[in-house]
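Contents: one structure, followed by commentary.
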Amino acid sequence: MNTGQLLYHRINKHEAERRLQELQAAGSLPPDSPTTPVDLVSASPRATGGIPVTQQRLQLLRTRASEVITGLDGLGTNQAAAEFDRRISAVLWDTLDIVPAEAASMEVWWFLGLAVLPGTAASRFPLSIAARHVGPPRRHVLRRLWFRRQALGDLLDASTNPLVEDELVGLTERTIFVSDPRLARAAAQFILGYEGMDRSHLYTRRFLREIQARTGTTVIGALNDTELAGLVSSADQRVRQYLEGA
């Protein structure tokens with residue numbers, strides 16, 4: 001459960017890059033050990049209103065992350081990578097209990113990725129891909145997963161034809177959807193309900209563009225839930241009509 005109470009340690013960009021270089025020099029990383037205390041040297045929580053996270057919580061995070069990815073082999077495949085993302089996003093959301101303002105700080109995510117879960121992060125993206133570990137917000141290996149879970153919730157757990165990477169990027173990185181998570185969730189529900197072939201390429205791309213076109217002069221936040229659902233539904237109907245006539 002995420003109630004948004006905890007404050008996390010932070011490391012600055014210089015320290016993050018130093019730690020990444022150390023991890024790269026070490027070569028392959030072992031799994032994150034839940035029994036080893038997290039190294040808090042050069043890291044400190046910023047008092048912005050909340051409860052400082054404990055070592056016990058950080059070790060719980062390690063335990064849960066290790067449990068859900070144990071036995072998940074072949075991360076070089078799109079399917080396995082997507083399953084990793086789904087599982088770890090749930091662990092981050094359920095375990096971090098992070099103050100929302102903290103989640104907006106890259107210094108917190110650098111700490112989580114390089115001090116708390118370096119083995120988990122590196123199993124998804126090699127440490128040689130520095131942008132995934134110390135790069136911009138939308139590319140960070142862990143941050144993007146927490147924000148996807150925040151925006152889409154259990155829609156990420158669809159067992160039949162789950163959302164794929166291109167669809168997730170569109171739903172959680174386009175400004176119009178980031179500005180109002182209701183719109184992202186409503187669009188995701190229609191995407192998951194589409195049963196045609198090659199959904200991501202033929203349907204989703206057109207569908208998201210159609211929504212964006214229809215919201216060009218609309219203040220999404222001013223729409224109530226019924227109005228917003230109607231806007232998304234009309235976009236869906238327009239795209240389906242186009243595809244049926246193509």
Does a salt bridge link Arg149 with Asp94, judged by any charged N lying under 4.0 Å from a carboxylate O? no
Tell me which donor-acceptor pairs under 3.5 Å the side chains of residues 128-139 have, and how far apart each pair is, sequence neighbours excluded?
{"unit_1": "Arg132", "atom_1": "NH1", "unit_2": "Arg139", "atom_2": "O", "d": "3.0"}
{"unit_1": "His133", "atom_1": "NE2", "unit_2": "Phe125", "atom_2": "O", "d": "2.9"}
{"unit_1": "His133", "atom_1": "NE2", "unit_2": "Pro126", "atom_2": "O", "d": "3.3"}
{"unit_1": "Arg138", "atom_1": "NH1", "unit_2": "Glu173", "atom_2": "O", "d": "3.0"}
{"unit_1": "Arg138", "atom_1": "NH2", "unit_2": "Glu173", "atom_2": "O", "d": "3.1"}

Mind checking whether Trp146 and Ser89 have side chains closer than 4.5 Å, heavy atoms only? no
Side-chain touch Arg62/Leu117, heavy atoms, less than 4.5 angstrom: yes
May I ask you to test the Tyr8-Leu96 pair for a side-chain heavy-atom distance under 4.5 Å? yes
Strictly by ring-ring contact (aromatic ring centres under 6.0 Å, His included), give each pair with a member in residues 204-235 just once, sequence neighbours left out. Tyr203-Phe207
Report yes or no: does Glu227 contribute a side-chain atom to a donor-acceptor pair with the main-chain N or O of Asn224 at less than 3.5 Å? yes
Output yes when Arg18 and Glu15 qualify as a salt bridge under the 4.0 Å nitrogen-oxygen rule, no when they do not. yes
Output yes when a side-chain donor or acceptor of Ser105 lies under 3.5 Å from a complementary backbone atom of Glu107, and no otherwise. yes
Note, Leu61 side chain near Leu112 side chain (heavy atom, < 4.5 Å): yes
Closer than 3.5 angstrom, by distance alone: can the side chain of Gln241 be matched with the main-chain N or O of Arg238 as a donor-acceptor pair? no
Could you check whether any side-chain heavy atom of Arg174 comes within less than 4.5 Å of a side-chain heavy atom of Arg209, counting everything from C-beta outward? yes
Are the side chain of Asp97 and the backbone of Gly4 linked by a donor-acceptor contact shorter than 3.5 Å? yes
